[in-house]
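A quick write-up on the structure given underneath.
Letters A, B, ... are given to chains in the order of the sequence lines, protein chains preceding strands, and every chain is numbered from 1.
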2 protein chains.
Amino acid sequence: MKRATLKTISDESGFSITTVSRALAGYDDVNEQTRQRIIEIAQRLGYQPNLTARHLRSKHTNTIGMVIPLTAHYSDLFFMELLSGVGQQAAQHGYDLLLSAQVPGEEELSAYRRMVDGSRVDGMVLARVRRHDARIDYLKGTAQPYVVFGHSGDDDYPYIDVDGEKGIRQMVHHFADYGHRRIALIAPPDELAFAAPRVAGYWAALEELGLPRDPALVVTGDLSMDSGAAAAERLLSLPDPPTAIMACNDQMALGAMAAITTRGLRVGRDVAVSGFDDIPAAASASPPLTTIRQPIYQIGQRLAQTLIRLIHGETVDNLHVLLEPELVIRASSGEPRSG
Amino acid sequence: MKRATLKTISDESGFSITTVSRALAGYDDVNEQTRQRIIEIAQRLGYQPNLTARHLRSKHTNTIGMVIPLTAHYSDLFFMELLSGVGQQAAQHGYDLLLSAQVPGEEELSAYRRMVDGSRVDGMVLARVRRHDARIDYLKGTAQPYVVFGHSGDDDYPYIDVDGEKGIRQMVHHFADYGHRRIALIAPPDELAFAAPRVAGYWAALEELGLPRDPALVVTGDLSMDSGAAAAERLLSLPDPPTAIMACNDQMALGAMAAITTRGLRVGRDVAVSGFDDIPAAASASPPLTTIRQPIYQIGQRLAQTLIRLIHGETVDNLHVLLEPELVIRASSGEPRSG
DNA sequence: TTGTAGGCGTTATCAT
DNA sequence: ATGATAACGCCTACAA
């Protein structure tokens, strides 16, 4: 049995396609009897409008697009959480999500082009911004609304972000308060937009505290647990190893903790550790991980809300939202050190 | 500047829309010079085919649909992991994912109808099957291909599942080997399809072992950590409390562990605990959680592969895949008990 | 090798 | 109150 269309109902009811369309759409210039009859037939036939056709005609799709890195699974929980937040608010407003998993690079960009220029979505949500991000350059040359999680400093586009510079600065102070003087940083890959402010926050804090500036104490990871472990290895092998290690995300912090333990040292006592994000694994790690909280789910919700306002052409009060970081102190940062 | 269409290029080049279309589509009945010229113009104009129009015309969308429970975020990691697996393989084959977040119920079903009858997707992936699942009934009455994670026993549809009955049975035996005789089960909500086999496996194992059948040792949870904690509370308050608690997913097991600890008991020594799924938190819990592994990501990949074969009308060797459960024994199940 | 014409299913405009 | 007609952008017989 073929799918019912307006034409099917038109044939069945004897009314024109136009009238059927209008009756179903709730226009008030349709005889009430006619409408009832048409609705009845539509239901009997299980009519469901062909959304593809509707979208072609009406120029909008009630769909939000998102391209996610192909690596994202448990190893990159962050993205899934963001997705949930966006999806929740999208659904709330009657929007669906169109997802494309891509490895960052050429193909990724063409996924954006397919979605946007291909008219498949009404707007895009971006995350994991890179320093000079081709995707943003592309979107800027487009009429398409978009919102971004993260920002690169001087560039101008609608974003929401947690103040990473401030967060890291506060964390350095936290460790300094506990008596640490050799504080290391496991930095994010250079090309990610949030790398710069976080590293800047680190140096700024050392400056404020009058601590020496030692480049050997900054090691770059790739956000994975493994890279965090490797970085910690390297740091602990230094002639004058750090007593505190700050990682720029929780995954790497967890990796560092594992490496420390493997080395026979105790996290929180011999070496203090902190992360960034506050993923669920952070709280349940042992010892529980001190970190800087990013309310990712809520940020996702807010991104969706903002985007939908933008799509509807409504005004948005603040297109550059910078959230206060929130330090979550747990056992991995240890106790204040004597002496 | 308006978006370029075939017509734009047609006007610009002087060739008809047809020729432009065929040139771009790579037909070989186009003069090579003509093609070059057309391609050049298309690139200059940044032409991107309107996929909505193409879909309307061609009757397929290269898109896989999935409806996810609105609650899914960190609290329901399972779904995100499945999603990643599906998305990975989908991308591999040039498919995108259309997601709709919905609370189970009426609205949820109409999300399926929008996707399927609305011609927005070529196939659907289902998970969290319920006992008499209206979604499956609906899809059966449709020409749309679909695949399911989980199965309800007697019902017939394409699925992949882990043998939960066997898994639970083996776990009961594991605890019995360790010397436990009071083994409790925290069961999933009755309406979920995977509840029945797991509970059946529990009773079957007791039978095999000649252990007494005590209904008080089976408590139903709702898959959340909190419900796991509540269930454990109840079990430990029994006059003759269990010495081992098996939860039907890891979240509930973690909740149970928390409750046990709160009560001043030691997990693995006073009370053994096991879960189901092997989410990442299981390995990093303290003590690490004994559980039954479901390779969710891989299952997601396989679901996508199967679905895409179905969509392409290719043959699929096995539409009912039942995977062997894999017990992962960790510290939460303790040591063999003396006496 | 190229062009004409029709249609996918919907909505909007304009008559009647 | 209802209907004929066109258009969204694309693809594909069929003609020339």
Discussion item. Around atom CD of Glu32(B), are there more than 12 heavy atoms from other residues, nucleotides or ligands closer than 6.0 Å?
Written reply: yes
Worksheet item: Who passes side chain to side chain donor-acceptor pair (under 3.5 Å) against Thr61(A), sequence neighbours left out?
Response: Asp122(A)
Worksheet, complete the sentence: chain A vs DNA chain D, heavy-atom contacts under 4.0 Å, first-to-last nucleotide span, 5' to 3', is dA1(D) to dG9(D)
Practice prompt. Applying side chain to side chain donor-acceptor pair (under 3.5 Å), name anything that partners Ser13(B), two or more places apart in sequence or on another chain.
Written response: none
Worksheet entry | Contact list for residues 27-56 of chain A, test ring pair (Phe, Tyr, Trp, His ring centres under 6.0 Å), sequence neighbours left out | none
Discussion item. Could you tell me if Asp96(B) and Ser100(A) have a donor-acceptor pair between their side chains, going purely by distance under 3.5 Å?
Written reply: yes
Worksheet item: Considering residues at least two apart in sequence or located in another chain, which fulfil the salt bridge (Lys or Arg N to Asp or Glu O under 4.0 Å) criterion with Asp317(B)?
Response: none
Worksheet entry | Positional range of nucleotides in DNA chain C within the contact set of chain A, heavy-atom, under 4.0 Å | dG9(C) to dT13(C)
Item to complete: Ignoring hydrogens and angles, tell me if any N or O in the side chain of Ser21(A) forms a donor-acceptor pair with the backbone of Ile17(A) under 3.5 Å.
Response: no
Discussion item. Tell me whether the count of non-hydrogen atoms from other residues, nucleotides or ligands lying under 6.0 Å of NZ in Lys7(B) goes above 12.
Written reply: no
Response to the item:
Taking for Gly14(B) and for Ser21(A) the nucleotide of DNA chain C with the nearest heavy atom, the one nearer the 5' end belongs to Gly14(B)
Worksheet item: Under a 4.5 Å cut-off applied to non-hydrogen side-chain atoms, are Tyr297(A) and Val86(A) in contact?
Response: no
Discussion item. At 4.0 Å (heavy atoms only), tell me whether Ser119(B) reaches a base, stays on the sugar-phosphate, or touches nothing.
Written reply: nothing
Worksheet item: Angle, rounded to 10°, between the helical axes spanning five pairs at each terminus of the helix from dT1(C)-dA16(D) to dT16(C)-dA1(D)?
Response: 50°
Worksheet, complete the sentence: Those residues at least two apart in sequence (or on a different chain) that pass ring pair (Phe, Tyr, Trp, His ring centres under 6.0 Å) with His320(A) are Tyr159(A)
Fill in: Selection residues 43-62 of chain A - residue pairs positive for salt bridge (charged side-chain N to carboxylate O under 4.0 Å, His left out), sequence neighbours left out
Glu12(A)-Arg44(A), Glu40(A)-Arg44(A)
Worksheet entry | Sub-4.0 Å heavy-atom contacts from residues 22-30 of chain B onto DNA chain D, ordered by number | Tyr27(B)
Discussion item. Hydrogens and angles aside, do Thr8(A) and Arg3(A) bring a side-chain donor and acceptor to less than 3.5 Å of each other?
Written reply: no
Item to complete: Could you identify which residues of residues 51-60 of chain A place a heavy atom less than 4.0 Å from some atom of DNA chain D, listed by residue number, or say none?
Response: Leu56(A), Arg57(A), Lys59(A)
Practice prompt. Would you indicate whether Glu107(A), at its atom CD, is surrounded by more than 12 heavy atoms from other residues, nucleotides or ligands within a distance under 6.0 Å?
Written response: no
Discussion item. Tell me every residue that passes ring pair (Phe, Tyr, Trp, His ring centres under 6.0 Å) with Phe149(A), counting only those two or more places apart in sequence or in another chain.
Written reply: Phe78(A)
Fill in: Residues Glu106(A) and Arg113(A) bridged, charged N to O under 4.0 Å
no
Worksheet item: Which part of the nucleic acid does Gly118(B) contact within heavy-atom distance under 4.0 Å: base, sugar-phosphate only, or nothing?
Response: nothing
